Amino acid sequence: MSTLLIKNATVINEGTKTNASVLIENDLIKAIISDGELPAADKVIDATGLLLLPGAIDDQVHFREPGLTHKANIESESRAAVAGGITSFMEMPNTKPQATTHEVLEEKYKAAAKVSPANYSFYLGATNDNIDEILKTDPKTICGIKIFMGSSTGNMLVDDEETLGRIFAESPTILTTHCEDEATIQENTTIYKNKFGEDMPFKYHPVIRSAEACYKSSKKASTLARKHGARLHILHLSSAEELDLLDKDLPLKDKKVTGEVCVHHLWFTDKDYDKYGSRIKWNPAVKSEHDRDGLRKGLIDGSLDVVATDHAPHTIEEKNNKYFSAPSGGPLVQHALVSMLEMVKQGIFTYELVVEKMCHNPAILFEIEKRGYIREGYKADLVLVKPNENWEVKPENILYKCGWSPFEGTSFSHKVVQTFVNGQSAYANGKVNTEVRGERLSFDR
C-alpha cells in the first residue's frame with residue numbers, strides 16, 4: 001500500500017471551490033480533509049496556491065492508430081493528453097483499418113494497454129452494413145457507437161435510411177454522431193469550386209460546411225433518436241441554432257438527446273481564417289461570432305453538456321496544402337484545459353463550470369465507473385494547475401507527434417503542473433512519466 005497526501009489545495013469540484021487536502025491510497029481517493037489534523041502519508045505534496053481538479057475526460061479524439069501513424073499514435077497523443085490534464089480519452093473509429101468490428105476494436109485496446117499513460121476507451125464505428133457487429137456490443141466495455149452522418153476524414157458516411165433506422169432502434173448503447181448534411185455540402189462545394197477553383201480562400205469553409213448543413217443533419221439525428229427512444233449524443237456542435245434540438249431543463253442523467261461542443265468552436269470565429277488558414281480548418285467548420293457566442297451561452301445555460309477536443313492531428317505538410325487538398329482537423333488535447341481556463345480568466349466561464357463540462361458531465365453522460373469527480377472511493381485521476389503562471393505555446397513545448405498547434409504563439413495564464421492517473425504521477429514539471437499506464441474505462445450500464 002502506498003499513500004500520497006496533496007495538502008492545502010484549492011479544490012474545484014461539484015460546483016464548489018474549497019481549500020482542502022486529498023489523501024490517495026494506491027489508485028483511489030481515500031479521504032478529503034477540509035479541516036483538522038492531516039493524516040500521515042508516504043509522500044506529501046504542498047499544493048498551496050494551486051488548483052486541484054478532477055482529471056478531464058475527453059469524449060472525442062482521433063489518435064490515428066492503426067494505419068495513420070505518420071500523423072500521430074496512441075503513445076504520443078496520450079502523453080500530450082496527460083500533459084494537458086486529460087486523464088481519460090475516448091477514441092474514434094476512422095482509422096486504417098476502420099474500427100467497425102469488435103476484432104479490430106480489441107486490437108486497439110491491446111495497443112493502448114501497452115503504451116497509454118491515460119485511461120482509454122474506443123468507439124465502434126457504424127457503417128451501412130455492420131448492424132450485426134453493433135448488436136454484439138457489450139455496453140459495459142466500450143464507450144459507444146459512432147455514426148458519421150456527414151463525411152469527414154476516412155469517409156465512413158452512413159447514408160442508408162433503413163440502416164440508420166435500425167441503428168437508432170436497436171443499438172444496445174449510446175449513439176454519438178457527426179452531423180453535417182452531405183447533399184448540402186456537395187452542392188455548396190460545387191458552387192465555390194466553380195467560383196474559385198483550387199485557390200479557394202479558407203474563409204469559405206463555413207460557407208461550404210454551413211450552419212444549415214449542420215442543423216439539417218442534427219435535426220435528422222435528433223428526430224430519429226426521439227422516434228426510436230435512442231440515447232443520442234451529438235458531437236462537436238458548431239452553430240447556435242442546433243442547440244434548440246437538444247434536451248434542456250432536465251438533469252443530465254435523464255436527457256435523451258445531449259450535445260458536445262469543442263474547444264475550437266468556443267475560441268475561434270470565421271474572422272480568424274485569414275490569419276490561421278488550414279490550421280483552423282475543422283469539420284464541422286468554425287463559424288460566425290454569433291455561433292461562437294451562442295455556444296458559449298449554451299454551456300452556461302445548460303443546453304450543452306460536454307466540452308471536448310475532437311483532437312485530430314495531421315502533419316503540417318498535409319495542412320499546408322490548398323483548400324481542397326488540406327485535410328480537416330487539428331491537435332488539441334495538450335491545450336484544451338488551459339484554453340478553457342483562459343476563458344475563465346477572461347470572465348466568460350467559471351472554474352466550476354469548466355470542471356462540470358470537462359470532468360463531471362462526461363462521466364455522467366457515458367456512465368463511467370468511479371471517475372470524473374474528487375470523491376472518496378473514486379479513482380485518483382487528478383490535475384494540479386498553477387493559476388497566474390503565464391507561458392507561451394512554442395514548438396519546443398508541444399508534445400503532439402505532428403509538432404504543431406493552432407494555439408502556437410498563444411500565451412496562457414494557467415499551467416498544468418502535475419497530472420495523476422489512478423494515483424500515479426503521469427506528468428510533472430514538464431515531463432511525462434513513461435512508466436505509467438492507464439486503465440480501460442468501464443461503464444455502469
Side-chain angles (χ1 to χ4, degrees), residues 60 62 68 92-96 98 100 125-130 146-168 175-225 232 234-242 245 259-260 262 264-265 268-270 273 277-288 290-291 310 312 314 318-330:
Q60 186 187 184
H62 302 261
L68 298 164
M92 288 296 161
N94 51 336
T95 47
K96 290 185 178 180
Q98 295 170 343
T100 57
T127 71
N128 280 325
D129 55 11
N130 78 333
K146 172 65 180 290
I147 310 172
F148 285 89
M149 295 180 70
S151 63
S152 192
T153 302
N155 194 6
M156 291 176 62
L157 179 65
V158 181
D159 57 1
D160 181 81
E161 296 297 328
E162 183 179 347
T163 298
L164 277 173
R166 282 199 67 191
I167 293 172
F168 275 86
L175 301 172
T176 64
T177 51
H178 176 129
C179 287
E180 293 181 285
D181 181 66
E182 191 66 17
T184 302
I185 292 168
Q186 293 305 322
E187 182 180 330
N188 291 339
T189 298
T190 299
I191 292 169
Y192 282 87
K193 196 165 190 176
N194 287 339
K195 186 174 182 179
F196 291 103
E198 294 301 320
D199 293 320
M200 195 179 83
F202 284 92
K203 67 181 180 180
Y204 291 103
H205 189 53
V207 180
I208 290 178
R209 288 182 171 263
S210 62
E212 292 77 13
C214 292
Y215 185 89
K216 186 174 183 179
S217 183
S218 291
K219 184 176 182 181
K220 181 176 183 178
S222 62
T223 300
L224 281 167
L232 171 65
I234 305 178
L235 302 173
H236 45 44
L237 289 160
S238 60
S239 72
E241 282 66 35
E242 285 174 282
L245 302 170
E260 168 209 277
C262 291
H264 46 283
H265 292 122
F268 299 103
T269 74
D270 56 5
Y273 282 104
S278 66
R279 290 188 177 218
I280 62 166
K281 184 188 180 193
W282 281 279
N283 298 341
V286 168
K287 296 182 172 63
S288 68
H290 161 76
D291 291 307
D310 193 16
H314 302 280
E318 290 167 331
K319 290 294 276 186
N320 281 344
N321 281 301
K322 292 183 178 180
Y323 175 81
F324 289 106
S325 299
S328 294

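This structure is a prediction, so every number in the text was calculated from the model and none was measured. This chain uses plain numbering: 1 for the first residue, then up along the sequence.
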Hey, what do you get for OG (S222) to OH (Y215), rounding to the nearest 0.5 Å? 7.5 Å

Quick one: do K193 and E198 make a salt bridge, cutoff under 4.0 Å? yes

Do you know the tightest heavy-atom contact between A126 and V158? O-CG2, 3.4 Å

Report yes if the side chains of E260 and L235 come closer than 4.5 Å at any heavy-atom pair, otherwise no. yes

Please answer whether the main-chain N or O of A326 pairs with a side-chain N or O of K281 as donor and acceptor at a distance below 3.5 Å. yes

OG of S217 to CD of E182: how many Å apart, nearest 0.5 Å? 9.5 Å

Can you tell if the side chain of W282 reaches within under 4.5 Å of the side chain of F268, non-hydrogen atoms only? yes

F196: ring pair (Phe, Tyr, Trp, His ring centres under 6.0 Å) partners, not counting sequence neighbours: Y204

Main-chain N/O of C214 paired with E180 side-chain donor or acceptor, under 3.5 Å: no

Which heavy-atom pair separates A312 from H62 by the least distance, and what is that distance? CB-CD2, 3.8 Å

Could you pull out the closest heavy-atom pair between T184 and S210, with the gap in Å? CG2-OG, 4.0 Å

Search all heavy atoms of M156 against all heavy atoms of T100 and return the closest pair with its distance. CE-CG2, 3.6 Å

Within-4.5 Å side-chain heavy-atom neighbours: L164 and I147: yes

Identify the two heavy atoms, one from S328 and one from N283, that lie closest to each other, and give their separation to 0.1 Å. OG-OD1, 2.9 Å

State the OG-CG distance between S218 and L245, to the nearest 0.5 angstrom. 6.0 Å

If you count every heavy atom of other residues, nucleotides or ligands that lies below 6.0 Å from K319 atom NZ, does the total exceed 12? yes

Between the CG atom in N128 and the CG atom in D159, the distance rounded to the nearest 0.5 Å is 5.0 Å

Would you indicate whether the side-chain heavy atoms of K220 and E161 approach each other to under 4.5 Å? yes

Electrostatic pair E241:K219 at N-O distance under 4.0 angstrom: no

Main-chain N/O of V207 paired to N188 side chain as donor or acceptor, under 3.5 Å: yes

Please assess M200 against H205 for the test side chain to side chain contact (heavy atoms under 4.5 Å, CB included), listing each intermediate value before the final yes or no. CA-CA 9 Å; M200 195 179 83; H205 189 53; 5.9 Å; no

So, taking the atom named SG in C179 and the one named CG in L232, what distance separates them when rounded to the nearest 0.5 Å? 7.0 Å

Only counting residues at least two apart or in another chain, list the ones meeting salt bridge (Lys or Arg N to Asp or Glu O under 4.0 Å) with K322. D199

Non-hydrogen atoms of V286 and P206 that approach each other most closely: O-CB, 3.3 Å

Test of understanding: with ring pair (Phe, Tyr, Trp, His ring centres under 6.0 Å), list the residues that count as partners of H265, not counting sequence neighbours. none

Between CG on residue D181 and CE on residue M149, distance to nearest 0.5 Å: 9.0 Å

Does one side chain, of S239 or K287, offer a donor that lies under 3.5 Å from an acceptor on the other? no

